[in-house]
Structure formats: C-alpha cells, structure tokens
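What follows is a short report on a single structure.
Predicted, not measured: the structure shown is a model, and the values here were computed from it. Below, chain A is the first sequence line, B the second, and so on; all start at residue 1.
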Protein chains: 2
Amino acid sequence: MGAHQDRVDLVIKRLKQKGCRITPQRLAIIRILAESNVHPTVEEIYERVRVNFPTTSLATVYKTVSVMKELGEVLELEFSSDQNRYDGHNPSPHPHCICVKCRSIVDPELGSLAHITRELASGTGYRILSHRLDFYGICPKCQGES
Amino acid sequence: MGAHQDRVDLVIKRLKQKGCRITPQRLAIIRILAESNVHPTVEEIYERVRVNFPTTSLATVYKTVSVMKELGEVLELEFSSDQNRYDGHNPSPHPHCICVKCRSIVDPELGSLAHITRELASGTGYRILSHRLDFYGICPKCQGES
DNA sequence: TTATCTGCAAAATGTTTGCATGCAC
DNA sequence: GTGCATGCAAACATTTTGCAGATAA
C-alpha cells in the first residue's frame with residue numbers, strides 16, 4: 001500500500017474495462033510502473049517482477065507494457081541505441097531530463113507547453129496529438145564526479 | 001550546384017580537418033544530407049547513393065552517417081520502432097513535426113527554446129547539452145485524406 | 001606509401017511473434 | 001468452460017563489427 005495505490009487501482013480498472021485479465025504478473029508490472037519514478041526499462045521491470053514471480057518471461061513484460069501503452073496508461077520513451085524507458089507514473093506527455101552519463105531520467109518542473117503546441121499547430125496546419133521534449137545533459141550527481 | 005553547395009563545402013572541410021577522406025560515396029552522402037529536407041533514413045540515403053554508385057554498401061552509409069554525427073554535422077532522430085532519421089541540412093537541435101500516418105518530418109517555424117532551457121537548467125541543476133522536441137500529429141495532407 | 005575506407009558477411013541488440021499450455025473470469 | 005495470458009523459442013528489424021582488399025591523400 002504505497003502512496004501510488006490509487007494509480008494502481010485506476011490502471012487495473014481501465015484494463016478490466018477493456019477486457020484485459022489481471023494476472024499476478026500483470027499486477028506486479030502495474031505496481032512497478034506506478035510506483036517507480038526512475039523510468040525503468042523492460043529489463044529492469046522484468047528483474048523486479050522476477051523477485052516475486054521467478055517464472056515470468058521477458059515476453060510477458062513486453063506484452064503487458066505494450067497493452068498499457070495502447071491504452072495510454074504508460075508513456076514510452078523510444079531510444080534506438082538503448083532500451084526504451086517507460087513512465088507509468090505519469091503517462092501523459094511531459095518533459096524529461098536525461099543524463100548522458102548515467103542515463104538517469106527525471107521529470108523537471110516546467111511550465112506547460114500548451115501555448116507552444118498551439119503556436120505550432122496554427123503555424124503548420126498539423127493536428128497535434130502528442131509531443132516529446134527531452135533535455136540531454138549532465139545531472140548534478142555526474143557533474144560532481146567528473 | 002544547388003543552393004546547398006556552401007553546406008556541402010563546409011562539411012567536407014570539417015571532415016578533412018579531422019583526418020577523414022572524401023571518397024565518392026561520402027561526397028554523395030554529404031550532398032544528399034545537405035540538400036534534403038525530408039530527414040531521410042539510412043536506407044533512403046543508401047537507395048539514392050546507389051543510383052550513381054551501385055556498389056555502395058549499407059554499412060558504408062551507416063559508417064559515414066556515424067562519423068558525421070560524431071562531428072556534429074548531422075542531427076540524428078532516434079526511433080526504436082522505426083529507422084532513425086537524419087538532418088544534415090540543419091544539424092543543431094530544433095523542433096520537428098512528425099506525421100504519425102505518413103511518417104513525414106518537417107521543421108516548423110518556432111521561437112527559440114533558449115529560455116525554456118535556461119529555466120530548466122536552473123530548476124534542475126542539470127548542465128544541458130542538447131534537447132529534442134518532437135510534435136506528433138497528422139499533417140495537412142493526411143488530414144485531407146482521412 | 002600508408003592509414004583510412006569499402007563492401008561483404010556475421011554478429012549484436014532490442015523487440016515481436018507463434019504456439020502449446022495454463023489460468024482468470 | 002471459454003478465451004485471454006503465459007513462457008518458451010524462433011523470428012525479426014535495425015544497427016554494428018571484423019576483416020581482407022581497395023583507394024584517397
């Protein structure tokens with residue numbers, strides 16, 4: 001029962017509404033995603049699920065994350081040179097700070113991008129559905145170690 | 001001799017300064033990247049190079065693009081679910097509009113993100129090196145076809 | 001001349017898929 | 001009981017690497 005139980009319950013409700021079944025593995029994955037603020041990879045989720053459910057397969061984690069992504073309950077940050085990262089704590093688009101040394105990802109405080117998005121939509125004629133804003137740099141911890 | 005000859009010459013000069021050799025294949029790749037505004041994939045560059053140099057291999061295109069990326073002469077847009085896209089016309093970070101239907105990518109007119117970057121750096125303690133801002137939506141052409 | 005580049009093939013990486021079995025509902 | 005989920009292995013897509021021969025400077 002962490003502070004994230006509400007989010008866990010909400011995700012379960014929405015998955016059930018769509019006809020999905022809540023298996024022990026899925027429950028564990030949902031919890032990890034809801035409770036984590038480190039934007040884990042599928043591998044990291046897999047390792048954590050296997051602490052309690054050692055027979056869980058990587059494919060199951062991929063499949064569950066994929067279902068949650070399709071339902072909009074997890075935000076995927078794609079990387080071609082690395083594993084994708086997932087945010088199930090706050091699945092709506094928001095800025096990220098990504099450390100190029102330790103690959104940590106944090107959510108910065110930043111004013112809304114709504115006005116930028118509007119400016120862009122009117123300037124280009126695009127119907128904007130989503131966005132991605134990543135800042136790449138060196139985190140305070142890695143700056144201290146350099 | 002297009003309007004992009006200056007950029008081609010500049011990239012050649014910088015590659016030479018770093019001890020790189022300008023082979024016919026590399027010259028063709030540099031030209032394609034400098035002249036193109038469609039943010040091509042490596043495959044697309046490869047197909048275009050092969051019109052004039054049919055023996056060129058995909059590995060050579062990957063290697064040349066990688067060298068240019070390391071020298072900061074091409075901007076890489078990573079995708080895990082698709083091929084990466086490359087901007088050799090303007091290699092400094094800038095916003096992109098990506099159509100989720102036809103996968104076209106255009107550079108929108110948008111005010112600088114410098115103030116947002118400053119706000120973010122002071123708020124998080126990160127030393128910001130770069131950023132990525134993608135807007136995902138439906139382009140005017142695909143809206144008309146829907 | 002010689003260090004770099006090319007082209008081929010193989011490897012590596014991350015992710016997806018097919019299918020028989022198992023289990024949530 | 002039914003149909004979705006699991007777990008395994010194989011397939012897949014993209015990118016990278018190793019190396020022998022070719023070539024730009």
Above 12 or not: heavy atoms from other molecules or residues under 6.0 Å from CD of A:Gln17? yes
Give the rounded distance in Å between these two atoms: [atom1] of [X] and [atom2] of [N].
X	N	atom1	atom2	answer
B:Met68	C:dC5	CE	C1'	16 Å
A:Asp82	D:dT15	CG	P	14 Å
B:Lys63	C:dA9	NZ	C1'	11 Å
A:Gln83	C:dA12	CD	P	17 Å
A:Leu27	C:dA24	CG	P	12 Å
B:Tyr46	D:dT16	OH	C1'	16 Å
A:Arg85	C:dG14	CZ	P	13 Å
B:Leu58	D:dT17	CG	C1'	14 Å

Under 3.5 Å donor-acceptor, B:His115 side chain and B:Leu113 backbone: no
Within the distance-only criterion (no hydrogens, no angle test), does the side chain of A:Glu78 pair as donor or acceptor with the backbone N or O of B:Phe79 below 3.5 angstrom? no
Please classify the nucleic acid contact of [X] as base, sugar-phosphate, or nothing, using heavy-atom distances under 4.0 Å.
X	answer
B:Thr55	sugar-phosphate
A:Ser66	nothing
B:Gln25	sugar-phosphate
B:Thr56	sugar-phosphate
A:Pro54	nothing

Can a side chain N or O of [X] be found less than 4.0 Å away from OP1 or OP2 on [N]?
X	N	result
A:Asn84	C:dG14	no
B:Thr23	C:dT6	yes
B:Tyr62	D:dT16	no
B:Arg21	D:dT23	no
A:Arg26	D:dT6	yes

Both B:Ala59 and B:Pro24 contact DNA chain D. Which one's nearest nucleotide lies toward the 5' end? B:Ala59
Using a strict threshold of under 4.0 Å (side-chain N to carboxylate O), is an ion pair present between A:Lys141 and A:Glu145? yes
Could you tell me whether A:Arg132 and A:Glu76 make a salt bridge, using a distance below 4.0 angstrom between a side-chain N and a carboxylate O? no
Pairwise 5' ranking along DNA chain C for B:Cys20 and A:Lys16, keeping only the more 5' one: B:Cys20
